[in-house]
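One structure below.
Chain letters run A, B, ... following the sequence lines, proteins first and then strands; every chain starts at 1. Values below: every heavy atom of this structure, side chains too, minus hydrogens, waters and symmetry copies.
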Amino acid sequence: MDKIKVRFAPSPTGPLHIGGARSALFNYLFATHNGGELVLRIEDTDLDRSRREYEDEIIDSLHWLGLKWNEGVDIPGPNGPYRQTERLDIYAKYTLQLLESGQAYYCFCSEEELEAERKALLASGEMQKYSGKCRSLSDAEKAAKFAQGIKPAIRFRVPEHEEYVVDDLVRGRVSFASDDIGDFIIVKSDGIPTYNFAVVIDDVLMGITHVIRAEEHLSNTPRQLAIYDALKLKRPEFAHISLILGSDRQKMSKRHGATSLIQYRQMGYLPEALFNFLALLGWSPEGEEEILAPAEIMNAFTLERVAKSPAVFDLDKLNWLNQQYIKKLEAGELAELVKPYLEDSVWNEQILKLDQEHYNLMVMAVRDHLVALSDIKQEVEVFLAGLTYENEAKQLLSEEDVLPVLEVFGDGLGEFMPVDEVKSYLKRLTKELKLKPKNVFMPVRCALSGRTHGPDLPSMVSFWGCDETRRRLQHSIEMIKEWR
RNA sequence: GGCCCCUUGGUCAAGCGGUCUAAGACACCGCCCUUUCACGGCGGUAACGGGGGUUCGAGUCCCCCAGGGGUCACCA
């Protein structure tokens, strides 16, 4: 068997979508699992909507996700160029071949005409396909149209009574009748080929052995098969993976919230988490473990285990996965990852003043509370904000036996710093006062932070240091007296 | 509307004719752990869309219906 070669071929008409990312991922997984190669091709034949910025953005997203390819628009290879608009002369040769053999023909119909035709067909309930009006124009008629200055499109003449069969690697055998397909345009009037045409030429020339793409392309496949046949080209294998749906079971769109990879990146989702999550959407490993590193997924990935049914994007599960990955982060890693979010927050100035030790102490103290990295902004507030009291804390502090506890805590406060020392000090106090741990920890927590819950108390005390801790304690003691 | 695809708990899903009185995960609920919140541990609620076949036996195979989705563009 030939070496496996797959491709991901996005259109640079917007940021990389979740669905596109998953298609890319499955191609990547299939390639790496089988020791094959991945090509990144840019399908920019829609001149109006394609933009170079999007191309860069897509590549950036792909890299961020952790995907790599062997050749493509940014990596020179033997089958370039990899941008379709740079391959126009290549398509032209095949167009000519089709035209000369009569398998394609010029179509002079205007868009208005076609639109009207379509509407009429829709209204009458008939099959919506091109009427074939320009199918058999005489040379004279064609010359007349050209003379009028009309720029024709080129249509592919779909053979009659053919059956196109796809042995899809995930869906099994699917067949289409050619009679249900109207002659379709392969070259637009501006000379740019359309998707269904260019994709065939490119996949063949680039040596693609397996076309893995979203299910929305399944009904395009017979058109492409017709072109393979007309040009006597060898067909690749096909695998159509199911769509990703929003929570309302509709195709994912903007109104479902964040749909581009960039947005998830900005919100602070880790690439490993997205990689893992996307892989689990439509594919499942044999074992029961679901938290899998990229390498493990590559190892286990096969098309046989790809599901046919569409999958709803489950943000809850992504959140859970992301949290799992964040929990595994070490201080240094977390500190780095979280930095941009803090720099972007109101705490930036204070954070700049912190030494590495304090900074790490703080982020590690809240690490297990983070669902996404951006949560750091809220989580860190208790360390950096001034002392204000939540109602519940106020209530607790107003209880009878709280004051003595706070005073004793303040008296014994030394010049310590490490978290462990604070912790053992608090434990010791608990024993000496013959109180339940809760009756020591909670008053102190409320007095120092103004809140009934938050990060680990010893970490906070250690972070503030004895001066700030004393200051907060004194303030609270005064407040308590005032409240009485 | 034509064609095509899909259909196991709220969600992701395992299952590929008997071991299914149907796994696991997320979410939810409860208990435990605990200085709070979280984390973690344990447990619980919850599903084979409907109807016909085939078969000794069907979630698993076939047909019909229903529902959902995709596609029918000079968009990809």
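Across all non-hydrogen atoms, the minimal contact from A:Ser242 to A:Arg171 is N-NH1, 4.0 Å.
No contact: A:His240 has no heavy atom under 4.0 Å from any strand. Counting non-hydrogen atoms under 4.0 angstrom, A:Leu280 reaches the backbone sugars and phosphates but no base. Contacts of A:Ser189 with the nucleic acid, taken as non-hydrogen atoms under 4.0 Å apart, include base atoms. If you check every strand for non-hydrogen atoms under 4.0 Å, A:Asn319 touches nothing. Here A:Gln324 lies in heavy-atom contact (under 4.0 Å) with sugar-phosphate atoms only. A:Arg451 comes within 4.0 angstrom of nothing in the nucleic acid, heavy atoms only. Base engagement by A:Cys109 is indicated by at least one non-hydrogen atom pair under 4.0 Å involving a base atom. Using a 4.0 Å heavy-atom distance criterion, A:Glu290 is classed as a base contact. Among the heavy atoms of the strands lying under 4.0 Å from A:Gly282 are primed sugar atoms or P, OP1, OP2 only; no base atom is included. Backbone-only engagement by A:Ser175 is indicated by non-hydrogen atom pairs under 4.0 Å involving sugar-phosphate atoms exclusively.
Rounded to a whole angstrom, the distance from the P atom of B:U55 to that of B:G41 is 50 Å. Taking atom P in both B:G15 and B:G51, one finds a spacing of 26 Å when rounded to whole Å. Between B:U7 and B:A47, the two C1' atoms lie 12 Å apart (nearest whole Å). Straight-line distance between the P atoms of B:U60 and B:G40: roughly 37 Å, to the nearest whole Å. Atom name C1', nucleotides B:U19 and B:A27: the rounded distance is 31 Å, in whole Å. For the C1' atoms, the distance linking B:C12 with B:A46 amounts to 15 Å, nearest Å. On the P atoms, B:C29 is 16 Å away from B:U45, given to the nearest whole Å. One C1' atom belongs to B:C16, the other to B:C61, and the distance between them is 11 Å to the nearest Å.
You'll find that the side chain of A:Asp180 is closest to B:G2, out of B:A76, B:G2, B:U11. Comparing B:A13, B:A23, B:C74 against the side chain of A:Glu288 picks out B:A23 as the nearest. Checking B:A13, B:C72, B:C4 against every side-chain atom of A:Arg223, the shortest atom distance belongs to B:C72. The side chain of A:Val174 sits closest to B:C5 out of B:U11, B:A76, B:C5.
Counted within 6.0 Å of CD on A:Glu392, heavy atoms from surrounding residues, nucleotides or ligands total 12 or fewer; the atom is thus considered open. Heavy-atom neighbours of A:Glu53 CD from other residues, nucleotides or ligands within 6.0 Å: above the threshold of 12.
In this entry B:C56 has B:G18 as its Watson-Crick or G-U wobble partner, both defining distances falling under 3.5 Å. In this structure, B:C48 forms no base pair with any nucleotide, since neither Watson-Crick nor G-U wobble geometry is met with both distances under 3.5 Å. Remark: B:C26 base-pairs with B:G10. Criterion, Watson-Crick or G-U wobble with two distances under 3.5 Å. When Watson-Crick and G-U wobble pairs are counted only if both distances are under 3.5 Å, B:U71 pairs with B:G2.
Taking the charged nitrogens against the carboxylate oxygens, A:Asp229 and A:Arg235 do have a contact shorter than 4.0 Å, which makes a salt bridge.
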### Task
Verify side-chain hydrogen bond (donor to acceptor under 3.5 Å, both in side chains) between A:Asp248 and A:His256, making sure each step is shown before the conclusion.
CA-CA 9 Å; A:Asp248 55 358; A:His256 292 109; 2.7 Å; yes
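The CD-P distance, from A:Glu163 to B:C3, rounds to 14 Å in whole Å. Regarding A:Leu292, its CG atom lies at a distance of 14 Å from the C1' atom of B:A13, rounded to whole Å. The distance from atom CG of A:Asp48 to atom P of B:A73 is 19 Å, rounded to the nearest whole Å. Distance, A:Arg213 CZ to B:G70 P: 17 Å, rounded to whole Å. Atom C1' of nucleotide B:G1 and atom NZ of A:Lys119 are separated by 17 Å, given to the nearest angstrom. The separation between A:Glu55 atom CD and B:A76 atom P is 16 Å, rounded to whole Å. Distance CD1 (A:Ile192) to C1' (B:A76): 14 Å, rounded to an integer number of Å. Rounded to a whole Å, the CZ atom of A:Arg41 is 13 Å from the P atom of B:A76.
A heavy-atom distance below 4.5 Å is found between the side chains of A:Ser462 and A:Leu361. By the 4.5 Å heavy-atom criterion applied to side chains, A:Val366 and A:Phe383 are counted as neighbours.
Relative ring orientation between A:Phe313 and A:Tyr264 is described as tilted, the plane-to-plane angle lying within the 30° to 60° band.
The cationic group of A:Arg445 does not satisfy the cation-pi geometry with A:Phe441, failing either the under 6.0 Å distance to the six-membered ring centre or the 45° limit from the ring axis.
Phosphate contact (OP1/OP2 of B:A14, side-chain N/O of A:Ser284, threshold under 4.0 Å): present. For A:Lys251, no side-chain nitrogen or oxygen approaches OP1 or OP2 of B:G68 to under 4.0 Å. Distances shown here put a side-chain N or O of A:Thr45 below 4.0 Å from the OP1 or OP2 atom of B:A76. Phosphate contact (OP1/OP2 of B:G40, side-chain N/O of A:Lys327, threshold under 4.0 Å): present. Within the structure, a side-chain polar atom (N or O) of A:Arg305 is placed less than 4.0 Å from OP1 or OP2 of B:G15.
Map A:Arg49 and A:Ser219 each onto its nearest nucleotide of RNA chain B; the residue landing nearer the 5' end is A:Ser219. Both A:Glu216 and A:Phe108 lie near RNA chain B, and the one whose nearest nucleotide falls closer to the 5' end is A:Glu216.
A centroid separation of 6.0 Å or more is found between the aromatic rings of A:Tyr269 and A:Phe277. Less than 6.0 angstrom separates the ring centroid of A:Phe26 from the ring centroid of A:Phe301.
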### Task
Heavy atoms under 4.0 Å is the rule here; annotate nucleotides 27-36 of chain B 5' to 3' with B where the base is hit, S where only the sugar-phosphate is, and - elsewhere.
S-------BB
